[in-house]
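What follows is a single structure, written as structure tokens, with notes after it.
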Amino acid sequence: MINRLKRCALASLILLPTIAAQPARADISDTLPDIGTTAGNTLSVHQELAMGDFYVRQLRASAPLINDPLLNDYINQLGQRLVAHAWSVKTPFHFFLVSNDELNAFAFFGGNVVLHSALFRYTENESQLASVLAHEISHVTQRHLARAMEEQQRNAPLTWVGALGSILLAMANPQAGMAALSGTLAGAQQGVISFTQQNEQEADRIGIQVLQRAGFDPQAMPNFLQKLSDQSRFASKPPEILLTHPLPDSRLADARNRANQMKPVVVQSSQDFYMAKVRVLGMYATGKNQLGDDLLETLSKGNTREQTAAQYGKAVQFLQAKSYDNARRIIAPLLAAQPNNVWYLDLMTDIDIGLKQPQRAIALLEKAKASSPVVQLNLANAYVEAKQPASASKILYRYTWTHKDDPNGWDLLAQASSAQGLTDEEEAARAESLALNGQLDQAIRSLSDASAAVPLGSLKQARYDARIDQLRYLQQRFRQYQKR
């Protein structure tokens, strides 16, 4: 299913879930320092959340965000593991993956962290990937954007907000973002998202503590920074991440010194890290970052986890080439050994559907004991492909209730409803996808059509009308963030 829907926008609507439980006491060395401002005078945490919601919807609509539940689940689990060991967490966190061959990552209001897919090519192990996440998490917990905004509070605030939105879009999708920059003062505000050297060293200092507390190798941060430094030294153009995250020698030396003061630890990368690596590069990368035989050869000579990932990666290559029988030949024995492995279940489902055998996929998924969202989505998709939309809807009603932020569920529910002639439910499901992409006018029109299609005064009509009111409130709240 993921292969079929992978080009849709990423789903992760800000719904203000419960913040991860924090440890009992804070280490004074990594709480927000008193530098004359705590950013509360200009921007409250509530305002940060509202702005983050707005920007996420804009990015979802315009940037090449990867809508892959397997990968989304992996990076969010990794990110939340780090957040659980961070101090000064005032917002929920959400982690996104964008299909971009430029090496970069960035964070913005409301606990939102975006990783470029190229990071999976250049990080050698899970601790290095975690070090990038820990650094970005620290930008958020230290409220670096809000503090920068406070320093520039003499500027027109709405112009500043519009410029920031254009900058974020430019980082995620350069072509669309540069178009959005025209007509704004964003050029003068570029330094807002390109944090100062003081911000970067602070994020390193706190991030490396988070990295260690979460059980990762603290040496991974200076090692990765060294790798970036070496790469930039012999390149005509430095990696994009160094343009938005300055790396003077003093920053690298400081990170190395701090890591050397910590207890050495040997950390093995998880199986999921290697699976995510080959999946990202095999399905979403282009050019030099594509999954090639050279990487698969290297993995095949590594430890057991790397060898398994090499096999999985080869099956991904066959799937992408629509060589379904060859992909099945590789995955079948892996799945037989681990019948509840979601990486294998997902790929086998795509293979069976590619072979026009959705019933075989249904039988496999119904037997699986794994109850993960990935399995639920794959089973619903298999039911749709097998022309059993009512069975798909039963799954999707529950799924969209618990995963309101995932357009995969809403898109499948719209298909299943259409196949059953349930016009109102089809329009309502499409409205949710539109709302996730910030297309609130269109979402309201779809819900109005849904309301008109059901009996006057019915419970369904009351529900649709109530949702219209909610979206109109969002329109009003977001109006202040629109570019002037």
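Residues take their numbers from the sequence shown, with the count starting at 1. For the numbers below, each heavy atom of this structure counts, side chains included, while hydrogens, waters and symmetry mates do not.
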Any side-chain to backbone donor/acceptor pair from Q357 onto D352? Under 3.5 Å, distance only. no
pair N112-Y55: side-chain heavy atoms closer than 4.5 Å: no
Tell me whether K394 forms a cation-pi arrangement with Y397, defined as NZ or CZ under 6.0 Å from the six-membered ring centre and within 45 degrees of its axis. no
Treating E366 as the side-chain partner and A363 as the backbone partner, does any N or O pair qualify as donor plus acceptor under 3.5 Å? no
Atom CD of Q439 and atom CZ of R430: how far apart are they, to the nearest 0.5 Å? 12.5 Å
Is there a donor-acceptor pair closer than 3.5 Å between any side-chain N or O of W410 and the backbone N or O of K404? yes
With distance as the sole criterion, is a donor-acceptor pair present between the side chains of Q470 and R467 under 3.5 Å? yes
Looking at L434, I444, D441, which one forms a side chain to side chain contact (heavy atoms under 4.5 Å, CB included) with L471? I444
Under 3.5 Å, is there a donor on one side chain and an acceptor on the other for N408 and Y399? no
How far apart are the C-alpha atoms of V56 and F108, what are their side-chain angles, what is the distance that settles it, and do they pass the side chain to side chain contact (heavy atoms under 4.5 Å, CB included) test? CA-CA 9 Å; V56 163; F108 61 97; 3.8 Å; yes
Judged by atom type as modelled, is there a donor-acceptor pair below 3.5 Å linking the side chain of R213 to the main-chain atoms of H85? yes
In terms of side-chain heavy atoms, does Q420 have a donor or acceptor partner in S393 at a distance below 3.5 Å? yes
Could you check whether any side-chain N or O of R60 sits under 3.5 Å from a backbone N or O of G438, counting only pairs where one atom can act as donor and the other as acceptor? no
Taking only residues two or more places apart in sequence or in another chain, which ones pass side-chain contact (heavy atoms from CB on, under 4.5 Å) with D73? Q77
Would you find a donor on one side and an acceptor on the other, under 3.5 Å apart, between the side chain of T141 and the backbone of S138? yes
Could you walk me through whether D449 and R445 pass salt bridge (charged side-chain N to carboxylate O under 4.0 Å, His left out), step by step? CA-CA 6 Å; D449 291 341; R445 283 197 292 271; over 6 Å; no
For E126, what residues pass the side-chain contact (heavy atoms from CB on, under 4.5 Å) criterion, not counting sequence neighbours? Y74, L78, F216, S269, S270, F273
After noting the C-alpha distance and the side-chain angles of D204 and H135, does the key distance pass the side chain to side chain contact (heavy atoms under 4.5 Å, CB included) rule? CA-CA 6 Å; D204 287 342; H135 178 95; 2.7 Å; yes
Distance alone, cut at 3.5 Å: any donor-acceptor contact between the side chains of D424 and Y464? yes
Can you tell me how far apart OH (Y312) and OG1 (T308) are? Round to the nearest 0.5 Å. 12.5 Å
